[in-house]
Amino acid sequence: MKLETVGKNIIRVDGLAKVTGKATYPQDLYMDNMLYGKTLRSTKPHANIKVDTKKAEKIPGVIKILTYRDVPYNHHGVLFKDHEVFCAKKVRSIGDPIAFVVATCEKTATKALEEIEVEYEELEAVFDPIKAMDEKAPKVHDKSNIIYKYQLRRGDIEEGFKQCDVIVEEEYKTSMVDHAFLQPEAGIAYLENDTVVVCVSTQYPHFDQLEIAEALKIPLDKVKVINPAVGGAFGGREDITMQIHLALATRLIGRPVKAIYTRQESFVAHSKRHPMIMRYKTGANRAGRLIAMEATIVGDTGAYASWAINILRKSGVHATGPYEIPNVKVDSYAVYTNNPFAGAMRGFGATQVPIAHEQQMDILAERLNIDPIRFRLENCFKKGSTTATGQILEESIPLERTIKEVEKQMKKSVVGGV
Amino acid sequence: MKKRGIGYASTFYGTGYGNGFPDISRAIAELGTDGNIYIYVGATEVGQGAKTILSQIAAEALGVDFSSIVFICEDTSITPDAGTAAASRQTYNTGNAIKLASEKLRNEIINILEKRYGISTENIEDYLLQVAKLNGDEALRMDGIFTASTTEMDAETGQGNPYYPYTFSVYGIEVEVDTTTGIVEVTKAVCGQDVGRAINPKLIEGQIDGGFSMGLGYGIMEDINLQSGRIKHDRFTSYLIPTALDMPDIDKIIIEEPEATGPYGAKGIGEPVLVAVAPAILNAIYNAVGVRMKEIPVTPERLLKALKVKERGV
Amino acid sequence: MKKIALNINGEEYVVDINEDMRLIDLLRDKLHFTGTKEGCGEGECGACTVIMDGETVNSCMVLAFQAEGREIITIEGVGNGEALHPIQKAFLEEGAVQCGFCIPGMVLSAKALLDKKPAPTRNEIREGISGNLCRCTGYNKIVDAIDKASKYLKEEGETK
């Protein structure tokens, strides 16, 4: 196939605006008559709350303070609607939104936050996902903290381990990390006749549109989402943050409303990468063939499900690494705790498991006295391989070639390369 | 003492929502009355290069110059839903939708040229304005819809075809470990990345660099430091991410083996470029100093503690 | 309220400011030089970098009154009218831009570096931009771009 445009290093179309400072991110928008919004967030990880905004409302310049009472449908979420737009009776993690102050300037809005009285009746909290799995653990929502289990069964795991000459058992842990995109969340909402326009950085404008319309109980075509330049996302702009707050505020007040999160607020407002505890048992025979692998994976999704189900599923499917193993048993769990919520982040569950499976590979190779590259070449997916889920890989499977090319280049590039 | 070591990791990544969940992208290709081609699609440019890559696919499918493409993705009221800019799915899924819409538009333009003008040509570029003016103010529009092919896995056995396609990465990394301070420096890397087909090699290289940086942070630097549900590292003074000084120069190897169902054979790479970094660093640390770091990030404190345990021969 | 005069991108401005107003707020909110970005508000990320009397500063850490009588260069003042500065051109050509939020600050740090040191080594370039965080590019193509820009500037100097 002769290609004209595909394959060429065309200069990115949004580049010129970005190198000249003309690219418009939502914080760069200013409108006549606009107001500023600030979010009041929970300072306790698990508590019943009572909110009193009367004192704050009296501050000159405060236009309105939104709470759960103002939201027609007070729920949102990418999969389960387990987030409240504003917490009504209970907070489940530090940073949960409780109220949204709209004022004539940012300073007044900040001052008003301090004057809102929140009475916290603290509840026992759970921060350890393993403890949270216990039936007797405090419930984050009114149901089991285990929100999902994926199980993978292939071959005969017990028989498989019997055939192994070497078995390695280890536990691995990953931390909770942040997307740390450089552009903190920002947005501005305004009315265009009877349509609510929300201008915000997002990964999925059409889904935001849907969630805004649902929360405000207005038809979908009365919501327009404008998505100008986005300052990085990496999964952290999948779940909405300020979108409904802004839309509701502008609809109730009738003036444009803008909000910008500080870096610290950004840290508590958007999702995190799921920390995972991964127990692995992997076995191979003397010839260097992987025979069996068993893994138990627990992912801490914090107080809200977000994409936890899809992520722990992806972890389970990718748990073997890119290797053919005839006998596999994987159990992966997504668990609620009172930690900040975890959701999508670049790699989406497939980022955590290589911390385990790739170290297992090297440990096994060392015990078998085989070069780790040879061990990978022996076991890696090739055209026609079957994955642990029984999927046959039919084309575009250049893993063997990639391993060989990387090894060759490492020998050239790295002094003393093995 | 400073000790060097190398490590490898190989990984795979399944594209898309997966598990049979409807993974649909929609796009519209339009011949504007000004003779330009307008692509309307709700696919977000988050910095990954979607606008450029997807415009290249449109130009290729239409057989027109890249400069004729106007890409519009910023407004839900005029763009069709193309799913989320995540799951490394925009190049593959939305690329396919745009390719379909563009091919339909091209065929329609060829038909019009033949029927109305008796011109039989494969080169539509020179006739765009002529065809555009035919319908007065009404632009010629074609849509394209692409649905990824995956199946729901069996609830008991997890058997099925949960993702499609898969993308592979192999990274080799050299580290230098300072056994006195516990600091790990990544000194060299070779990144082999399967891409199906490279739509824009330079943008792919940029993704590899960026994914590498994020993986490096994940492996040895980043932790929000939770204490009783509170994020202790909630600012850049305490939540450290890599700077220019932390990054090594990288040899990038782009591996092309076209995937028939991808647009011109392309697969998504936005996430795959990240996943092999941290494990390769961990294997390199072991190669350098003989300790297995089973918990990340490998901060200097954690590494020094592990080195002490090893010294005591526990 | 206080009245100050300062020079921004070659033009004189006389503006009313509050005592506690930061330079970044003056630039963005009052004068709408929105190319200057705020990423952290505490001088750690470098997105708000501007050049003040030849030195880079984090405009979130400078109070507006401290800029009185100073010469400020923001991203809007880097190019020459419609023509791109060689640094901007090199950033585009080398693919040094992704989400773009750090780029104005990066370009200004690069400019301050090359103004002082026209032919830096790769490591000196890395040091020169080490106060500017980028989460997308992994910095390597930014380093390539600054390296290329130094060559462009050298050629420009030779033809003048």
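To find a chain, count down the sequence lines: A is the first, B the second, and so on, and within it residues start at 1. Because the structure is a prediction, the values reported are computed rather than measured.
With rounding to the nearest 0.5 Å, the separation of OG in S130(C) from CG in D246(B) is 9.5 Å. Rounding to the nearest 0.5 angstrom, the gap separating the CD atom in E205(B) from the CG atom in D144(C) is 9.0 Å. Taking OG1 of T243(B) as the reference point, atom CD1 of I129(C) lies at 8.5 Å (rounded to 0.5 Å). Taken to the nearest 0.5 Å, the SG atom of C136(C) stands 7.5 Å off from the CE atom of M214(B).
In this structure, E11(C) places its CD atom where only 12 or fewer heavy-atom neighbours from other residues, nucleotides or ligands lie under 6.0 Å away. The neighbour count for R230(B) CZ, taken as heavy atoms of other residues, nucleotides or ligands under 6.0 Å away, does not exceed 12. More than 12 heavy atoms of other residues, nucleotides or ligands sit less than 6.0 Å from atom CE of M1(C). Sparse packing is recorded around CG of N80(C), with 12 or fewer heavy atoms of other residues, nucleotides or ligands lying under 6.0 Å away. By the neighbour-count criterion of 12 heavy atoms within 6.0 Å, atom NZ of K30(C) is densely surrounded, having more than that number from other residues, nucleotides or ligands.
When G95(C), G138(C), C45(C) are compared by the number of non-hydrogen pairs under 4.5 Å with chain B, G138(C) comes out ahead.
In this structure, F236(B) and G39(C) approach most closely via the heavy-atom pair CE1-O, 4.1 Å. Of all heavy-atom pairs between Q98(C) and Q207(B), the closest is OE1-NE2, 3.2 Å.
Residue E42(C) touches chain B through its side chain alone, counting heavy-atom pairs closer than 4.5 Å. Heavy-atom distances place the backbone of T137(C), and not its side chain, under 4.5 Å from chain B. For I208(B), no part lies under 4.5 angstrom from a heavy atom of chain C. Contacts of R122(C) with chain B are made by side-chain atoms alone, with heavy-atom separations under 4.5 Å and no backbone atom involved.
Side-chain contact between P242(B) and R135(C) is present, with heavy atoms from C-beta onward closer than 4.5 Å.
Of the possible donor and acceptor atoms, one in the side chain of R126(C) sits under 3.5 Å from a partner among the backbone N and O of A244(B). Judged by distance alone, the side chain of N140(C) and the main-chain N or O of P248(B) form a donor-acceptor pair under 3.5 Å.
Using a 4.0 Å cut-off between charged nitrogen and carboxylate oxygen, R235(B) and E44(C) do not count as a salt-bridge pair.
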